[in-house]
Amino acid sequence: MDIAIIGSGYVGLVTGACFADVGHNVICVDNDEEKIKTLQAGRLPIYEPGLEEIVHRNVSAHRLHFSSSIREGVDKSHIIFIAVPTPPQPNGDVDLSFIEKVSREIADVLTDYRVIVDKSTVPVKTGERVAETIKRYNRHGAKFDVVSNPEFLREGCAIHDLMHPDRVVIGAQSQHAVDLMKKVYEPFMAPVLVTGINSAELIKHAANSFLALKISYINAISAICDASGADVDKVADGIGMDRRIGRQFLNAGIGYGGSCFPKDVAAFIHIGEQLGVPFTLLKEVQRINAGQKERFLKLIRDTLWVLREKKIAVWGLTFKPDTDDVRSSVAIELVDTMLREGAHVTVYDPKGMEKARELKAIADAKFAASALEAVDGAEALVIATEWNEFANVDLTALKRRMTTPIVFDGRNLLNPDTMGELGFHYHSIGRASIIPR
Ligand code: UGA
């Protein structure tokens with residue numbers, strides 16, 4: 001199939017690369033000419049494991065192209081995917097101006113039948129507006145179908161998620177469009193769910209909000225574990241072994257972050273309000289999530305007494321491992337708060353340093369060249385992201401390099417028994433603290 005992807009951000013680029021890799025001809029379009037030049041020169045604007053190799057392979061095979069022209073994309077393709085940002089507005093509403101603009105731009109150059117597929121996360125009923133807009137601005141009276149095809153990939157394992165999806169959701173009104181979409185996804189051999197456009201759009205917000213709810217649920221239980229001496233990891237194992245519940249997304253921690261869950265939960269609350277159906281359960285999900293970070297900060301304050309002038313190392317800046325993304329990262333919020341309270345904070349992250357250096361909120365932090373360098377002379381270590389590198393660190397060297405071996409593990413990454421045996425003061429989430437006698 002000949003496919004255009006409008007928007008070469010995270011979703012657009014990964015989708016385009018994987019579509020090319022299964023044999024489609026793909027043009028990735030973006031209005032950021034610098035980004036297109038970077039991609040044409042063989043460099044990637046984001047870090048995602050495995051992506052660079054796939055991009056290079058398919059550019060060499062002439063199946064993957066980059067362009068700043070929507071006209072070129074629309075002319076050369078049967079199917080046009082829209083994968084532009086849908087950022088939140090301060091009131092929680094979704095900013096759909098990029099979607100609207102791209103719809104007009106497609107309308108402007110549309111002369112023959114095309115399938116226009118929305119891949120961006122959008123509020124229910126957006127597809128209807130896209131169809132109206134294209135119809136209104138298209139001077140050629142060209143026929144087209146609008147499809148909703150939400151994306152469920154996770155950063156850090158995006159290639160795997162795209163190549164082996166649990167399901168492909170196709171929201172469409174015309175059988176012809178459904179048939180074409182099934183051809184696009186045929187090589188992936190995934191279960192396909194065909195729905196109306198509104199249902200497909202709703203599935204995306206409902207799925208992300210449910211996952212966020214699952215995290216808040218276990219985080220609420222972690223607070224009960226802290227108060228009762230139970231172990232949240234064991235509780236998660238115990239409930240997760242019930243296949244109706246499942247163990248995934250039951251890892252307690254400092255709360256969810258990133259560019260999806262916080263935004264999508266807020267958007268879904270707003271969508272409910274606009275439809276006259278308040279989704280109050282999700283407000284509680286947000287409250288628990290924010291409270292989790294506060295509980296962790298309280299643990300740090302209660303232990304260290306005052307943060308002013310304390311040397312604190314922070315491992316992890318990205319919102320989760322295997323990505324360089326620091327957007328809406330709880331780790332960054334923690335560093336920001338500790339800096340405001342007068343601590344001297346030294347940070348280290350395997351991939352997120354470059355993007356973190358651009359953030360004003362943590363401009364006063366010191367950036368170390370390695371995990372162990374970050375803890376040199378530190379009075380406490382905070383683990384904010386569960387990178388493998390931290391799980392495999394030499395714990396004896398860690399203890400030797402710290403002034404006082406106090407560890408606050410916000411991701412339950414390390415083993416409390418091992419930490420206790422080595423003589424650390426070890427605090428984690430929903431598990432008993434280890435204080436050597
Ligand atoms: C999420 C969804 O998982 C994807 O299915 C979806 O496609 C994507 O949003 C999106 O809408 O584009 P992502 O934000 O990349 O993916 O990352 P997740 O792996 O879902 O993690 C989100 C946050 O939840 C992270 O901060 C992570 O640390 C936290 N988390 C996750 C927990 O605190 N506990 C868990 O058990 C799992």
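Note that ligands are numbered from 1 as they come in the structure, with each ligand's atoms numbered from 1 the same way.
For ligand 1, none of its N or O atoms has an N or O atom of Y256 under 3.5 Å away. On a distance-only criterion, F319 and ligand 1 share at least one N/O pair closer than 3.5 Å. Considering backbone and side-chain N/O atoms, E386 never comes within less than 3.5 Å of an N/O atom of ligand 1. Polar contact with ligand 1: present for G257 (N/O pair, distance under 3.5 Å). Any N or O atom pair closer than 3.5 Å counts here, and N251 shares at least one such pair with ligand 1.
At most 12 non-hydrogen atoms from other residues, nucleotides or ligands lie less than 6.0 angstrom from CG of D166. For NE2 of H425, the number of neighbouring non-hydrogen atoms (other residues, nucleotides, ligands) closer than 6.0 Å is greater than 12.
For ligand 1, the atoms lying closer than 4.0 Å to a non-hydrogen atom of E155 are 15 (O). The contact set between ligand 1 and E151, taken as ligand atoms under 4.0 Å from a residue heavy atom, comprises 7 (O). Atom numbering of ligand 1 starts at 1 in the shown order; those under 4.0 Å from a heavy atom of F152 are 4 (C), 5 (O), 6 (C), 7 (O).
Checking K320, R327, Q248 against atom 17 (O) of ligand 1, the nearest heavy atom belongs to K320. Of the listed options L211, D166, I215, I254, I215 places a heavy atom closest to atom 30 (N) of ligand 1. Evaluated by nearest non-hydrogen atom to atom 6 (C) of ligand 1, the leading choice among L250, L153, T121, D161 is L153.
At distances below 3.5 Å, at least one donor-acceptor pair connects side-chain atoms of S67 with backbone N or O atoms of S69.
Ion pairing between a basic and an acidic side chain is recognised when a charged N comes within 4.0 Å of a carboxylate O; E273 and K283 show such pairing. Salt bridge present: E105 and K101 bring a charged side-chain N and a carboxylate O closer than 4.0 Å. For the pair E100 and R104, the salt-bridge criterion is met [side-chain N within less than 4.0 Å of a carboxylate O]. Ion pair R340/D336 flagged as a salt bridge, since at least one NZ, NE, NH1 or NH2 atom sits closer than 4.0 Å to an Asp/Glu carboxylate oxygen.
In this structure, the protein non-hydrogen atom closest to atom 1 (C) of ligand 1 is F261 CE2, 3.5 Å. Residue, atom and distance of the protein heavy atom nearest to atom 3 (O) of ligand 1 are R154 CG, 3.2 Å. Shortest contact from atom 37 (C) of ligand 1 to any protein heavy atom: F249 CD2, 3.5 Å.
Between C260 and ligand 1 there is a heavy-atom distance shorter than 4.0 Å. Contact annotation: R411 has at least one heavy atom less than 4.0 Å from an atom of ligand 1.
Side-chain atoms of T86 and K263 form a donor-acceptor pair, as typed in the model, at a separation below 3.5 Å. In summary, the side chains of Y47 and E354 do not present any donor paired with an acceptor at a separation below 3.5 Å, with no hydrogens or angles considered.
Note: Y256 and F261 have perpendicular aromatic rings, judged against thresholds of 30 and 60 degrees for the angle between ring planes.
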